[in-house]
Amino acid sequence: MIQMHDVWKMYPNGVSAVNGISIHIKQGEFVYIVGASGAGKSTFIKMIYREEQPTQGDIMVGNWNLATMKESQIPLLRRSIGVVFQDFKLLPSMTVFENIAFAMEVLEAGKSTIRRSVMDVLDIVRLKNKARFLPHELSGGEQQRVSIARAIVNNPSVVICDEPTGNLDPETSWEIMHLLEEINDRGTTILMATHNKDIVNTMRKRVIAIDNGRISRDDVRGGYRYES
Amino acid sequence: MIQMHDVWKMYPNGVSAVNGISIHIKQGEFVYIVGASGAGKSTFIKMIYREEQPTQGDIMVGNWNLATMKESQIPLLRRSIGVVFQDFKLLPSMTVFENIAFAMEVLEAGKSTIRRSVMDVLDIVRLKNKARFLPHELSGGEQQRVSIARAIVNNPSVVICDEPTGNLDPETSWEIMHLLEEINDRGTTILMATHNKDIVNTMRKRVIAIDNGRISRDDVRGGYRYES
Amino acid sequence: MTFASVSAVTVMLLVVGAFLMLILNINHFADELEADVEIRVFVDREAEASDQDDLGDDISSLTAVEAVDYIPREEGLDTFIDGMGDEAEYFENLREENPLNDVFVVQASEPQQTEQVAEEIDRMDMVDNTEYGQQVFEQLFAATDFVRVVGLILILGLLFTAVFLIANTIKLTIIARKKEIQIMKLVGATNAFIRWPFFIEGLLLGVLGSLLPIVLLTYGYQRFYDAVSGAAQLEFFTFLPPESLLWQTALLLVSVGAVVGVWGSLMSVRKFLKT
Amino acid sequence: MTFASVSAVTVMLLVVGAFLMLILNINHFADELEADVEIRVFVDREAEASDQDDLGDDISSLTAVEAVDYIPREEGLDTFIDGMGDEAEYFENLREENPLNDVFVVQASEPQQTEQVAEEIDRMDMVDNTEYGQQVFEQLFAATDFVRVVGLILILGLLFTAVFLIANTIKLTIIARKKEIQIMKLVGATNAFIRWPFFIEGLLLGVLGSLLPIVLLTYGYQRFYDAVSGAAQLEFFTFLPPESLLWQTALLLVSVGAVVGVWGSLMSVRKFLKT
Ligand SMILES: Nc1ncnc2c1ncn2[C@@H]1O[C@H](COP(=O)(O)OP(=O)(O)OP(=O)(O)O)[C@@H](O)[C@H]1O
Ligand SMILES: Nc1ncnc2c1ncn2[C@@H]1O[C@H](COP(=O)(O)OP(=O)(O)OP(=O)(O)O)[C@@H](O)[C@H]1O
Ligand SMILES: [Mg+2]
Ligand SMILES: [Mg+2]
C-alpha cells in the first residue's frame, strides 16, 4: 500500500528532516509513528500525500509512484487519503458543516448524500450541535475533531492522522481511537503520529519510531518508546 | 492574585462557555485547569488576560479590576502575564528570535538585554539552533516551545499556559514541566490548562476541574479527573 | 474585502467613463470646427459666363470636393455693404464699378484636404486666386489632431491604469485567501474546481463595479446635456447627443469591467494553484 | 504586498499628475484666448480733437480698463485698404471722403469685464457705438469658464479617486496583517507602539510612489515641450513653460503621496487596534 525506498528530505533552509527512510506498510495495517518533537514525523507524513516532495528516494502509494505521477493526478491521490492535519487546516470562512462537505463536493457527490454523510461523521465526533459554527468559534479540541471528521467522511482507503488527540481530553481521545480502530477493522490503513504514551501502550499496534529523520525501531506490537 | 466572582461568559453566537465561576488563586500558586474538550478552559483563561470580557461578574488580576480598568492599561496588564496560547500565536513574518524579542521590545528593554534573555530562554526550550527560522519552518512541537519561551522571557508574575504540552513528546513535556515548577518556586503564579493525565497525576498540584463552564472540583493536591 | 474590490472597480470605471465622454466631446468639437473650413475661389474678372460654368464644373468634378456654392459679385457686394452697418452709405458708390470678383465657395470632403484642393483649383484657368485662411486653419488642424492624439493616449493610459489597479486589488484580496486555496488543494480539489468560483466572482465584481458608473454617467450626462442645450449661451459648442454616446460608454464599461474582473481574478489565483 | 501598494500609488499619481498638467495647460490656452479680447470704440464723427481727448481720458480712468489705444480714422482707412489686397485700387477713392470713424481700442483688465466696460463706454458722450464681438466672445467666455469648471471638477474627482484607491490598497495589505496586529496586542504592545511602523511605512509608500511619476512627468513634459516649441506649426497654442509647472506638480504629488500614504495607513490600522 505505502512503500518508501531510501527517502531523504532536506528543506530549502538546509534542515535535513528525513534521512533515508525505507518502509512498507500493507493495506489494512494500523501504524503509530512516534518520536521526539522535531524528529521528522510530520515531514514523513506530508510526503505520503505529497504536500512535500522527497529530495531523494521513491514513494509508492497504492498504484501511484509519487515521483513520476502527473501534476493533474495529485488531486486523485489526495482524495484517496484522509488526513488529520497537525494544525487542523480548516477553511476559516466556511462553517463546520461546509468544511466537511467541501471534501465531498470535490468528489462530486450528490447533495443529499453529502448532507447525510456529514451529519453522520459529526455525530461520531459529537459536534452535531456545532454544524453551523465557524472554526474560530470552536475550542481547540473541537477544531481537531472537525479535522478528524473531514478526514474520514469519504471512507478513504488510507487515513493519516498527525497527532489527532493533541488537544483532546483522555476520554474524547479514547473515543476517537475506538473509532479509528473500527475504521481499521473495515480494512482502512491507518497511520497515526502521536505523543500519547497511554494510547500507544494500551492499544497495541505496529509502532515505527523516528529519531532524527531515521527509523530507530519498527515493532509489530510495540510500546511507546522512541529512544533507540 | 487572581480572583473571579460569579463570572459568566456567553459568546455572541449564544454559546454559554462559562457559567458562574468564582475562584481565588494566590500569588505563587501552581494550578492545573482540567476538563473535557469544549468545557470552557480556554475561555476561562482568555478572560484573565482580557482577550475576552465576561458577560457578567468581576475579575481582579493583581491590582487591576478588569471591568473598570482603562483601555490604555490593558497593555500593562498583559505585560505582567506570560501566555502560552493553545494555537501558539507566533508572528509569521518574524523569526523565532524576533518573535520572542518582540515581547521584550514592548517593555522597551535594551538591545543587549534582549539578546541575552532571548538566547537564554531559547536554550531552555532547546531551540537555540533554530533562532533564525520562521515559524512555518518549525514542527508543531517546536512552535509550541517558541510560544513557551516567549511567555517566560519577561519573568512575568503570572504564567498562563493553554495546553503547553499538546504537541510535545513525553520527554520534552517533562522538561517543560520542570521548568515551570522551577519558575513557580521563584514565586511566579502558574495556571495551566491541560489534558495530560500523567503530568497532573505525577506532579501533584492544585487542580481545578471545569465541566460545562462550571467548576466541578477544586482539590489542593488533586489528580486528573474532571467528571463530577 | 469584496466591497473593497467592487468599489475600486467602480471608482476606476467612473473615471474612465467620464474621461471617455470628455474625449469624445472634444473630438466632436474639433470635427465641427473643421467642417467650417471653406475655400473661396475668386474668379478672374475677365471670365465670360461660359468660362464660369466650365470652372464650376471643373471644381465640382474634383473627387475631394464635397460642395460648391456660387456667389456672384453683385451678391458679394450687397453682403459687403450691408456688413458695413451705419457706414453703408459711404460705400454705395462702389456699386457703380463693382470692385469684387465672382466667388465659388468650395468645401473639401475632408478638412485636411483643403490645402491640396485649393492648390488644384488655383492651377485652373480663369481663377484669379484662392483663399482659405491658410495660417489659422493649418494651426487649427494641428491643434485638433493634437487633441485627438492626446485624447487617445490618455484614454489608453487610463484603461491600462484601470486594468492594473483592478488586477492589483483582486490580487490583494486573493493573497488573503492563499491559505484557503492551499487547504482546498490538500483536500483533493482540482485546479478547475478551485478556479471556477474565482471566475464567477471576477465576472460579478467587474459587472457590478460597472453598474454604478453607468448609472451615474448616464444620469449626469443627460442632465448636463439638457442644461447645456437649454442655455443659449453655449451655441458656440454643440455636445454629442446622449443616446448613442451613452450606449457606447455603457457597453465599453461593462465589457472592460467583466474582462478585467475575470482576467484579474484568474491571473491572481493562478499563482497559488501551482503546488 | 508592499510592491502592490507602491505601484498602485505610482500609477494613480501618474494619472493625477498627467491630468493636472493637461488641465493647467487648457487653462493657459483659455487665458491666452481671452487676453485677445478688445473693445473697439467708434468715436462720433462730429467730435472735435478736444472731445476726443476727453473721451480718451474718461476711458482710461475706468478702473476696469487695462490699456487704451487710439487709431485715427486715416490710419484705419490705410489698414482697411491695405487689407483689400489686389482690389485695393478700387477703394482708393474712399480717401476723398473717409467713411470711417476714429477708434479707441480698449482692453479690459479682466476679460470677463469686457461687456460691462463696453456698456459704460457706450453711455459716454461722443461715442458712436462700441464693438467687441459680443456673440463670439460671450460664447468663448462660457466655453473657457466651462473648461475651467470641468477641469477643476475632474482634478478634484481624480484626487479623491487616488485617495480612495490608495487607502483601499493599503487597507487590503493591512487586512492581511490583522492577525499579526492582534497577536502584538495580546503580547502587550500599546497602540502607539503598533502604529509607529505603519506610519513610517505609509509615509515611505506615498513618497516612494510619487517618485516615479515625478521623474516620468518631468522628463516627458520637458521632451514634449521641447518638441512642441520647436515645431512652428503649433504657434497657435503656447504651452506652459516646464520650470514652474513641474515644480508645482512635483510638490503636489509628493504631498498627496505622503498625506495619502500616512492617512491611509493609519486609518486602516485604526480599525484593528480596537480590541
Ligand atoms: N470565539 C468563540 N465564539 C463562539 N463560541 C466559542 C468561541 N470560543 C469558544 N467557543 C465555544 O465555547 C465553548 C468553550 O470553549 P473553550 O475554548 O473554552 O473550550 P476548552 O475547554 O478550551 O476546550 P479544548 O480543550 O477543546 O480547548 C465551546 O463550546 C466552544 O464551541
Ligand atoms: N517547512 C519547513 N521548512 C524548513 N524546515 C522545516 C519545515 N518543516 C519542518 N522543518 C524542520 O524539519 C524538522 C522535522 O519537522 P517535523 O515537522 O517533521 O517534526 P515532527 O516530528 O512532526 O515534530 P512535532 O512532534 O513537533 O510535530 C524540524 O527540525 C523542523 O524544524
Ligand atoms: Mg509534527
Ligand atoms: Mg482550549
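Protein chains get the first letters and strands the later ones, always in sequence-line order, with residue 1 at the start of each. Only a predicted model underlies this, so the values are computations on that prediction, with no experimental measurement involved. Keep in mind that the numbers below use all heavy atoms, side chains included, and drop hydrogens, waters and symmetry copies.
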Can you name the closest pair of heavy atoms from D/Phe193 and B/Glu105 and give their distance? CE1-O, 3.7 Å

Once ring-ring contact (aromatic ring centres under 6.0 Å, His included) is applied, what residue pairs with a partner in residues 109-144 of chain B remain, sequence neighbours excluded? none

Counting only heavy atoms not in B/Tyr11 (residues, nucleotides, ligands), do more than 12 fall under 6.0 Å from its OH? yes

So with a 6.0 Å cut-off around CG of B/Asn13, is the heavy-atom count from everything else above 12? yes

Name the member of D/Thr190, D/Val187, D/Ile183 that forms the most heavy-atom pairs with chain B at distances under 4.5 Å. D/Ile183

Using non-hydrogen atoms only, which part of B/Leu90 is less than 4.5 Å away from chain D: side chain, backbone, both, or neither? backbone

Ignoring hydrogens and angles, tell me if any N or O in the side chain of B/Arg78 forms a donor-acceptor pair with the backbone of D/Lys185 under 3.5 Å. yes

Spatial distance of atom CG (D/Leu186) from atom NZ (B/Lys89) [nearest 0.5 Å]: 6.0 Å

Answer yes or no: does atom NE2 of B/His5 have more than 12 heavy-atom neighbours from other residues, nucleotides or ligands under 6.0 Å? no

Tell me the closest heavy-atom pair linking D/Gly188 and B/Pro75, and the distance in Å. O-CB, 3.4 Å

